Amino acid sequence: VQLQASGGGLVQDGGSLTLSCTASGSIYSIVVMAWYRQPPGKERDLVATITWGGSTNYSDSVKGRFTISRDIVRNTVLLQMNNLNAEDTAVYYCNGVIKDYGLRGVSTSTYWGQGTQVTVSS
């Protein structure tokens, strides 16, 4: 299974960006997907999660500004980010807890996508 993230870039303060992450490979089912971010010199923190049933959760720092959603058919999770500010500058990573087909049948594993840089200029 692979997670491919895209959509980062440079945006002005108050602007918007949408990140996308698509899971591919021997997927049986997706349990939950999430976005994390790691600002320069800091640890990686959870931003938002969505279960494949549609339940969402957000960190307090992004609540009301970011929206996580999923496309079940395309195995894709989106992160719509509005009203961005300098504190949102970070490398954003998608994460998935996925049931996949292995040599011993179906098993559950955690996968990470490559990071995508989001830079907010003031």
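Here the structure is a predicted model, which is why all the values come from computation and not from measurement.
- Q117 and A90 get closest at one heavy-atom pair: NE2-O, 3.4 Å.
- If you chain together hydrophobic residues whose side chains sit under 4.5 Å apart, W35 and Y93 never meet in one group.
- The shortest non-hydrogen separation linking A5 to Q114 is O-NE2, 2.7 Å.
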**Message:** Test side chain to side chain contact (heavy atoms under 4.5 Å, CB included) on W52 and N75; report intermediate values, then the result.
**Reply:** CA-CA 9 Å; W52 232 232; N75 287 336; 4.2 Å; yes
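- If you chain together hydrophobic residues whose side chains sit under 4.5 Å apart, Y36 and L3 never meet in one group.
- When all heavy atoms are compared, the tightest approach of S121 to L10 is CB-CD1, 4.2 Å.
- Using modelled atom types and a 3.5 Å distance limit, the side chains of T76 and T22 yield a donor-acceptor pair.
- One finds the NZ atom of K99 at 13.5 Å from the CD1 atom of I27 (value rounded to the nearest 0.5 Å).
- Across every non-hydrogen atom of G8 and L17, the tightest pair is C-CD1, 4.4 Å.
- For the pair T51 (side chain) and V32 (backbone), a donor-acceptor distance under 3.5 Å is absent.
- Tracing side-chain contacts under 4.5 Å through hydrophobic residues (I, L, V, M, F, W, Y), one never reaches V97 starting from M33; they form parts of separate clusters.
- Follow the hydrophobic side-chain contacts under 4.5 Å out from V91 and you never reach V47; the two are in separate clusters.
- Side chains of T67 and Y58 form a contact here, defined as non-hydrogen atoms less than 4.5 Å apart.
- Judged by distance alone, the side chains of S6 and Q4 never bring a donor and an acceptor atom under 3.5 Å apart.
- More than 12 heavy atoms of other residues, nucleotides or ligands lie within 6.0 Å of NZ in K63, so this atom counts as buried by the packing criterion.
- Shortest non-hydrogen contact noted between I68 and A34 is CD1-CA, 4.5 Å.
- For the pair L46 and S59, the minimum side-chain heavy-atom distance is 4.5 Å or more.
- Residues R37 and V118 are not in side-chain contact: their nearest non-hydrogen atoms beyond the backbone lie 4.5 Å or more apart.
- Atom OG of S55 is separated from atom CD1 of I50 by 8.0 Å, given to the nearest 0.5 angstrom.
- Taking CD1 from I72 and OG from S29, the interatomic distance works out to 11.5 Å, rounded to the nearest 0.5 Å.
- Side-chain contact between R65 and N85 is present, with heavy atoms from C-beta onward closer than 4.5 Å.
- Taking OG from S61 and CG from D88, the interatomic distance works out to 7.0 Å, rounded to the nearest 0.5 Å.
- Note: I30 CD1 to I98 CD1 = 5.0 Å, rounded to the nearest 0.5 Å.
- Put simply, L78 and L19 are part of two different groups of oily side chains (I, L, V, M, F, W, Y) that touch within less than 4.5 Å, one to the next.
- Interatomic distance, R44 CZ to W112 CH2, rounded to the nearest 0.5 Å: 5.0 Å.
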